[in-house]
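This report concerns only the one structure given below.
So that the names make sense, note that chain A is the first sequence line, chain B the second, and so on, each numbered from 1.
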Amino acid sequence: MRSHYCGELRAGLAGQTVKLCGWVNGLRDHGGVIFIDLRDREGIAQLVCNPEQAGVFAVAETVRAEYVLRAKGMLRVRPQGTANPQLATGEVEVVADELEILSAASDLPFHHGEGAGEELRLKYRYLDLRRPEMLARLRLRHRTLAAVRAFLNERGFMDVETPMLTRATPEGARDFLSPARNRPGRFYALPQSPQLFKQLLMMSGLDRYYQIARCFRDEDLRADRQPEFTQLDVEMSFVDEEEVTGLMEALAREVFAKVLGAQLPDPFPRMTYAQAMLRYASDAPDLRNPLELVELSEALREAQFKVFSAPARDPGCRVAALRIPGAADMSRRELDQLTEFVQAMGARGMAWIKAADPSRGRDGMRSPILKFLADGEISSVAERTGVAAGDLLLFGAGPAAIVNRALAALRDRLGRERNLIAPGWAPLWVTDFPAFEFDENEKRWKALHHPFTAPGVAAPRELLARPGATLSRAYDMVLNGHEIGGGSIRIHQREMQSAVFELLGLSAAEAEEKFGFFLRALEFGAPPHGGIAFGLDRWVMLMAEAESIREVIAFPKTQSGACPLTEAPAAVNARQLRELGIRAI
RNA sequence: GGAGUGGUAGUUCAGAUGGUUAGAAUACCGGGCUGUCAAUCCGGUGGUCGCGGGUUCGAGUCCCGUCCACUCCGCCA
């Protein structure tokens, strides 16, 4: 049916008879000659339809945008002066001697280049994906996955599939459930990740496993979060942190080099969780952004100003500042907008100081809060922040979680708005996470990573004695401010695993009921092992420089979890429910 | 669950302060045109202003509610 892709035609092929198939990208009807731009996966070719070929011309006159055509004709170099340098095939054209409409197209809901809204694009995703920009994104994704597979295959990793119908887990995100027809009242859960299965594969002696696995979490969506997403899941036996992170950053370097021709640093910088929170108020800092926080709790402990001194003395709180170079000319209106911005994130307010000439101390600055601060405190703040003439200082004071949230958001926003973000790639490892966090609402300990992460202590007794002080053997890979992967060395001893369950508030009976199969597996010879899981959608989104992961997923869901194309989720009929033994309430 | 932004021809958008017949571009339809590639020229069709209620002599515009989309917070072991 076809001899070439449209996009392959070049002057070197001139003189050949070619057969093309594709979609009508556009057409120009001059009355006496009709040009048709025919598009396929590889590009666009120009068909020339002359009235001398009466049959061809008659068909061409009826053709409309996005019709599917088959054409045959002689490929020739275009007449002098009519080449189109903007087209890869612009030096040549096909003089059609056969033209057939394989499929007509109705008027389109939107046209290429019109910049349709996202909801419409999703409803007619097959039209959206015809656009070269979208096709290029899918191709980038394919090449990334191919490069990942090649790297891991070469290094002895085995691709193993794990179940999509499995059991719900008590910890973690909300599960998607699927009723079990054969066991009325029971449910499968779709996997949040293949975590337990890949650990079981290590106990099976697989040694090195990977899988490009679909995962499901029923939580609210974000620009970089979908209810179903794709993980690159990796697990290795007889390894420590250095071996896993070393190999995985080599993987990232190879993929970026192969797919983008980009060079990532060797080795990646490393930062502890404590450092990341102190300097960037985030466990996934964007190191392209030069702004850094300055901790001021120590400097302001004795201040008369209670807004600062009270949190400065409270261990669960912090006082910190962000120095914005050259921003002292920011208007009152802009500062008010920033204040509203942090208030939306729970902050009480946002103190600021504009520095005209810091060398003159109090007299060289402007701020509503200066009158509450002693000269020594002002100079201490100036010294610690390194504030210079023309700079603006923004303060956060209060519960650490809120201050961190607000200052991290300010840092991101101002970095972007003031064009401070350096171009390029800034990967890093964040390590030494706390293993557990006390949840004040539920009054219980929660695993920061997951309950199978090995704590950095040798004995269960040490863990139970000081859970809040225990670090985990976890590591996150961060790229340009996004967590793109996270993993850990796992627990491979039953006693430690039981101790973690106990700490998390699972009784021995509950642990047996929910995880008995896994605890048993730990009793029959479990190798030390560890691994990592990457969010491939995020990875590709960053590589594609796209604004959301929806742009690199063929058929994504909207923020409410709906698919505008299929209109899923949809109602089911009463019979289906009856068979499954369930009823909608 | 919360905060914000948006919803007006098929599409992308404009419609200060409430005022008569809601506009533009593009698409679409008809016609002209033999070298275009955002073809071009002439003419034409096209609107429950997201939905429901309210205020008003009068609502695309103001108020209340609601739905949808997007961004963010919570949530995401």
(Q) Checking one value: the base orientation of B:A69, syn if chi is within 90 degrees of 0, otherwise anti. (A) anti

Q. Phosphate oxygens OP1/OP2 of B:C72: is one of them under 4.0 Å from a side-chain N or O of A:R413?
A. no

**Q.** Base of B:G35 paired with side chain of A:E93 (donor-acceptor, under 3.5 Å)
**A.** yes

Q. Is any side-chain N or O of A:T558 closer than 4.0 Å to OP1 or OP2 of B:A69?
A. yes

Q: Once you apply the 3.5 Å cut-off to both distances, tell me the Watson-Crick or G-U wobble partner of B:C76, or none.
A: none

Q.
Taking 5.5 Å and 30° as the limits, would you call A:F35 and the base of B:U36 a stacked pair?
A. yes

Q. Using the ring of each side chain (for Trp, its six-membered ring), is A:W539 parallel, tilted or perpendicular to A:F534, with breaks at 30° and 60°?
A. tilted

Q) Any donor-acceptor pair under 3.5 Å linking the side chain of A:R78 with the backbone of A:G90? A) yes

Q | d(CD, A:E547; P, B:C72) in whole Å | A | 10 Å

Q | Quiz item: A:R225 side-chain donor-acceptor pair to B:C75 base, under 3.5 Å | A | yes

Q. Does any donor-acceptor pair link the side chain of A:R405 with the base of B:G74 at a separation under 3.5 Å?
A. no

Q. For the atom pair CZ (A:F433) and CG (A:D283), what is the distance rounded to the nearest 0.5 Å?
A. 5.5 Å

Q) Between A:F518 and A:F501, does the ring centre distance come in under 6.0 Å? A) no

Q) Between the side-chain atoms of A:R174 and the base atoms of B:G74, is any donor-acceptor pair under 3.5 Å? A) no

**Q.** 5' priority, RNA chain B, between A:L122 and A:A344 [closest heavy atom]
**A.** A:A344

Q) Can you find an N or O donor on one side and an acceptor on the other, under 3.5 Å apart, linking the side chain of A:R78 with the base of B:C37? A) yes

